[in-house]
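Let me begin by presenting the structure, written as C-alpha cells, before commenting on it.
Chain naming here is simple, since letters A, B, ... match the order of the sequence lines and numbering starts at 1 in each. The figures here come from the full heavy-atom set of this structure, side chains too, leaving out hydrogens, waters and symmetry mates.
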Amino acid sequence: MFESDFERNLFELRRQKLQEIEKLGQPAYPNQFRFSHTIADIRARWGDTPADSFESSSVNVAIAGRIMAIRAQGKAGFATLQQEGQRLQIYVRLDAVGEQGFALYKLLDLGDHIGAAGYLFRTRTGELTIHVEKLTFLAKAMLALPEKFHGLSDVEARYRQRYVDLFANLDAREVFVKRARVLRAIRRFFDERGYLEVETPMMQPIAGGAAARPFKTHHNALDMELFLRIAPELYLKRLTVGGLDRVYEINRNFRNEGVSTQHNPEFTMLEFYQAYANYLDMMQLTEELIAFVAQEVNGTTITEFNGHTIDLAKWQRLKMTDAILQYWPSEAGVKPALSAFESPEVLRERLFAALGLLNEAMAEGSSITPERRALLKAVRDGIGAVYADSAKNAPIGKTVYNLFEEIVEPFLVQPTIIYEYPTVVSPLSKAKPDDPDHVERFEFFIGGFEIGNAFSELNDPVEQHKRFEQQLAERGRGDDEAHQMDEDYVRALAYGLPPTGGEGIGIDRLTMLLTGSKSIRDVILFPLMRAQVSANKDQGTDAAEKDAEH
RNA sequence: GAGCUCGUAGCUCAGCAGGUAGAGCAACGCCCUUUUAAGGCGUGGGUCCUGGGUUCGAAUCCCAGCGAGCUCACCA
C-alpha cells in the first residue's frame, strides 16, 4: 500500500491526528451526516445572490464535502469543500466555532471529509462562503493528495487509481457523468418506442454473433468450457423468435484482442432488434437515436472531436462502392468503373496500377505537401495490403470491403451511413432480393471510426446453416475468427423469425464523440491495464497488509 | 507483435557537453481573524523504474528488462 517512507510517515502522522480528533469528542469514523443542502443546491440557489441580502436575512445551511484547499490564518481560516464535483468555500473563525471547533480545524488536512454548518455570506472578493458555526469531522485522508494546481496528470496513475483521478480532475468526472446521461438517453429512447430491455448470457458455450477471438473460461460444477460473449446478437434474435418483438440490451462484450485508443478488451455494446423492420428502418432509427442522445447529453447535436466540428443531426448515406469512388485519390489514376467491383481480376489490376501511380506521385521531387504525402502513403500502404490479400484468392467481396476500410473509413468524420455490404463478410445478414452477393446491411461512421453496424436479419434457417458451414470452411483454412456453427440458433430460426432489423452500437465510442475524448480509456472507468509487478517497498513490516492482499 | 517517446521527492516538473540531485505544491514547526495557485520564516523528505556495461566517476552514455503514452499491426 505504501509507496515510500514519506507515505508511511504521513499515514502514521494522520493516525495521531485522528486520535487528537477523538480526544476533542469527535468520532474518527462517524457513520452519517445530515446535510441541509448539497453544494450544488447552494450554488444553484444562492450563486447569484448579492452580499447585502445575506446581511438582511441570514441563510443557515449545513454541507458535507472533501477538503480540496485549506488556508489557515492564525485564529481563522478558509477551506474549500468539494462534493459531487462542485466546490464551496467555508470560513472558520475561532470566535465563531470556539476553542474545540478551532482545534478541530487545525487538525484537518487536504482530502479530509467534513461537515460544516453555518450561515452564508460573501467575502470581500465576493465569493459565496459559509461562515461556519459548527464543524463535524467525517473521515480522514491518510494519503497525500495530488498537486492542487495541476491535479493528477500522469495518465497511467489516472487509469490505475481512478478514485484519485475522479476527485482530483473534475473534467474526468464530467466524462463519466455524461456517459451515464448517454445510457439514460438511450434507455428513454427505446423505452418510449416500446422496446423491452433484456439481459442475455455473457457466458456462452458458443461465442457467436461477431468475428472475434473470445476469452475462455470454465464452470467447475458443470465441468463446462464457456466463452465470454463477443456479442449478444444470437440470443437477442432468439428472443424475437420468442415473440419479444422489440428488445434492446446494453451490456459488456469481451474480445480477446489488442488494446488501442479505440479498443478495450471489454466494451459496452448496445444492441436492439425490431420485428417487421428492415435495414432502412434501422437507418432512420439510427439517425434519430444519435441526434436524440447528443441533444440529451450535451444540449446540442454539435460536438467537437479531434479538431473537427461534427453535427450529429446531419447524415449522409453512401453505397460502399460509391464511397470508394468518392475517396479514390486523384493520384491513383482515374476512378475504377463500377464493374471493376464485380471482377476480382479487373479490380486487382486496378489496384496494381494505382500502387504504381501512387508511388510515382510520392517519388522524390514531386511537389506535394507533406500532409498530402502522409495521406497518400497511408492510402498506398492500405491498397498494398488489400492487393496482397486479393492475390491470395480472397473473394471479391472481401477485397472491396478491405479497400473500403483502408481508403474511406478514416475519412468519414461527419456522420455517414455506408450500405450494401458484400455477403461474404456478413454471415448473419439477409441478402438483397435481386443480388445474392450483397446484403441489406450498413455500418455508420463518425469521427473516422465505426460506431455501429446494422442489417436486415437473415431469417432463413437453411440459408443460415449454409452460411455457418461456409464460415466453418474459413475456420478450417485457419481463420480462427470465423463464425462457429450454432445449431440451436438455426433451430430457433426454424421456428420462424419474423422479418427483423437489428443493430449494434458501441457505447464507449459514442461517448468518446460526445465528450471529445481521444482515447477509449478516458471513457471507461477502469480500463484494462497490464498487471503491475508489485513495487512493495515495505516488506516485512505490515503483516496485516500482506494478508489483505490475498 | 513492431516503431517512436517517456519513467527524477507523495504530486507537477527542472537537471542529461558524465563530477553521485533541485524548484513549486504537499508534509512538519512558528507567525498571521475576509483568503482563494493566500503570505512570511524555518525544517525534513530521493535504491533518479530495474539489472548489467563503459568510465577514476553514471540520473546523464550503451545494452537488456519492466511499465506507460502515441503510431502501426490486429480489430462482422
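- Here the side chain of A:L110 is nearest to one of B:A76, B:A37, B:A26, namely B:A26.
- Residues A:Y489 and A:K237 have side chains that bring a donor and an acceptor to within less than 3.5 angstrom of each other.
- Residue contacts shown for A:T261 are limited to sugar-phosphate atoms, with no base heavy atom under 4.0 Å away.
- One N or O donor and one acceptor, one from the side chain of A:Q89 and one from the base of B:U35, sit under 3.5 Å apart.
- Rounded to whole Å, the separation between the C1' atoms of B:G10 and B:C72 comes to 36 Å.
- Under the rule for a side chain to side chain donor-acceptor pair (under 3.5 Å), the partners of A:R158 that lie at least two apart in sequence or sit in another chain are A:D165.
- The partner of B:C72, taking Watson-Crick or G-U wobble pairs whose two distances both stay under 3.5 Å, is B:G1.
- Residue contacts shown for A:R87 are absent, as no nucleic acid heavy atom lies under 4.0 Å away.
- Nearer to the 5' terminus of RNA chain B, by closest-nucleotide assignment, is the contact made by A:F78 (compared with the other of A:F78 and A:A231).
- Rounded to whole Å, the P atom of B:A9 lies 30 Å from the corresponding atom of B:U55.
- None of A:E233, A:R229, A:E271 except one satisfies the side chain to side chain donor-acceptor pair (under 3.5 Å) rule with A:T200; the exception is A:R229.
- Under 3.5 Å, the side chain of A:E233 and the base of B:A76 form at least one donor-acceptor pair of N or O atoms.
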Distances under 3.5 Å between protein N/O atoms and the N/O atoms of nucleotides 30-32 of chain B, please, pair by pair.
residue : atom : partner : partner atom : Å
B:C32   : N3   : A:G74   : N            : 3.3
B:C32   : N4   : A:G74   : N            : 3.4

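- The residue A:G77 sits apart from the nucleic acid: no heavy atom pair falls under 4.0 Å.
- A:E463 has no carboxylate O lying under 4.0 Å from a charged side-chain N of A:K430, or vice versa, which leaves the two without a salt bridge.
- One can place CD of A:Q161 at 14 Å from P of B:A68, the figure rounded to the nearest angstrom.
- Residue A:A212 is out of contact with every strand shown, counting any heavy-atom pair closer than 4.0 Å.
- Within residues 521-529 of chain A, the residues having any heavy atom under 4.0 Å from RNA chain B are, by residue number, A:R521, A:M529.
- Distances were taken from every side-chain heavy atom of A:R71 (C-beta onward) to each of B:U33, B:A26, B:U35; the shortest belongs to B:U35.
- Of the possible polar contacts, one joining the A:R509 side chain to the A:Q262 backbone as a donor-acceptor pair under 3.5 Å is found.
- Rounded to a whole Å, the CG atom of A:L94 is 13 Å from the P atom of B:U34.
- A:R158 comes within contact range of no nucleotide atom at all, as no heavy-atom separation falls under 4.0 Å.
- The nucleotide whose nearest atom lies closest to any side-chain atom of A:L152 is, among B:A68, B:U33, B:U12, B:U12.
- The partner of B:A27 is B:U43, judged by Watson-Crick or G-U wobble contacts that both fall below 3.5 Å.
- For the salt bridge (charged side-chain N to carboxylate O under 4.0 Å, His left out) test, residues two or more places apart in sequence or in another chain that qualify with A:K377 are A:D381.
- A gap of 15 Å separates the P atoms of B:U8 and B:A68, to the nearest Å.
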**Request:** Could you check A:R441 against A:N453 for side-chain hydrogen bond (donor to acceptor under 3.5 Å, both in side chains), going step by step and ending with a plain yes or no?
**Result:** CA-CA 8 Å; A:R441 172 183 173 195; A:N453 176 29; 3.0 Å; yes

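- Taking only side-chain nitrogens and oxygens, A:R213 never comes nearer than 4.0 Å to OP1 or OP2 of B:C74.
- Scanning for salt bridge (charged side-chain N to carboxylate O under 4.0 Å, His left out) contacts around A:E503 gives an empty result, with sequence neighbours left out.
- For A:S519, the listed nucleotide lying nearest its side chain is B:C70; candidates were B:C70, B:A27, B:A37.
- Here the P atom of nucleotide B:C11 and the CG atom of A:D165 are 14 Å apart, to the nearest Å.
- Between B:U35 and A:R124, a contact under 4.0 Å exists linking OP1 or OP2 to a side-chain N or O.
- Comparing the same atom, C1', in B:G7 and in B:U47 gives a spacing of 15 Å after rounding to whole Å.
- Put simply, CZ on A:R8 is 13 Å from P on B:G46, counting in whole angstrom units.
- Residue A:S153 places no side-chain atom within donor-acceptor reach of the base of B:U12, judged by atom type and a 3.5 Å distance cut-off alone.
- OP1 or OP2 of B:G10 lies within a sub-4.0 Å distance of a side-chain N or O belonging to A:S4.
- Using a 4.0 Å heavy-atom distance criterion, A:L143 is classed as making no nucleic acid contact.
- Residues passing the side chain to side chain donor-acceptor pair (under 3.5 Å) test with A:H308, sequence neighbours excluded: none.
- Here the side chain of A:A210 is nearest to one of B:U34, B:A76, B:A26, namely B:A76.
- Note on A:K17: only backbone sugar-phosphate atoms sit closer than 4.0 angstrom, heavy atoms only; bases stay farther off.
- The salt bridge (charged side-chain N to carboxylate O under 4.0 Å, His left out) check on A:R66 picks up nothing, with sequence neighbours excluded.
- In this structure, A:N264 atom CG and B:C74 atom C1' are separated by 15 Å, rounded to whole Å.
- A salt bridge between A:E20 and A:K17 is absent, with no side-chain N of the basic residue lying under 4.0 Å from a carboxylate O of the acidic one.
- Side-chain proximity of A:A211 to the nucleotides B:A76, B:U33, B:C11 is greatest for B:A76.
- Checked against B:A26, B:A76, B:A68, the side chain of A:R530 finds its nearest nucleotide in B:A68.
- Of the nucleotides present, B:C56 is the one that pairs with B:G19 by Watson-Crick or G-U wobble criteria, both distances under 3.5 Å.
- If you find the closest nucleotide of RNA chain B to A:F149 and to A:D154, the one lying nearer the 5' end belongs to A:D154.
- Atom pair A:E156:CD and B:C66:P shows a separation of 14 Å (rounding to whole Å applied).
- Residues satisfying the side chain to side chain donor-acceptor pair (under 3.5 Å) criterion with A:S519, sequence neighbours excluded, are absent altogether.
- Using a 4.0 Å heavy-atom criterion, one finds that A:Y401 contacts the sugar-phosphate atoms exclusively.
- Shown here are the side chain to side chain donor-acceptor pair (under 3.5 Å) partners of A:T511, two or more places apart in sequence or in another chain: there are none.
- Residue A:E147 has its side chain nearest to B:G24 when only B:G45, B:G67, B:G24 are considered.
- In a base pair of the Watson-Crick type (N1 to N3 plus N6-O4 or O6-N4) or a G-U wobble (N1-O2 and O6-N3), with each distance short of 3.5 Å, B:U34 is matched with no nucleotide.
- Taking a pair to require two hydrogen-bonding distances under 3.5 Å in either a Watson-Crick or a G-U wobble arrangement, B:A64 pairs with B:U50.
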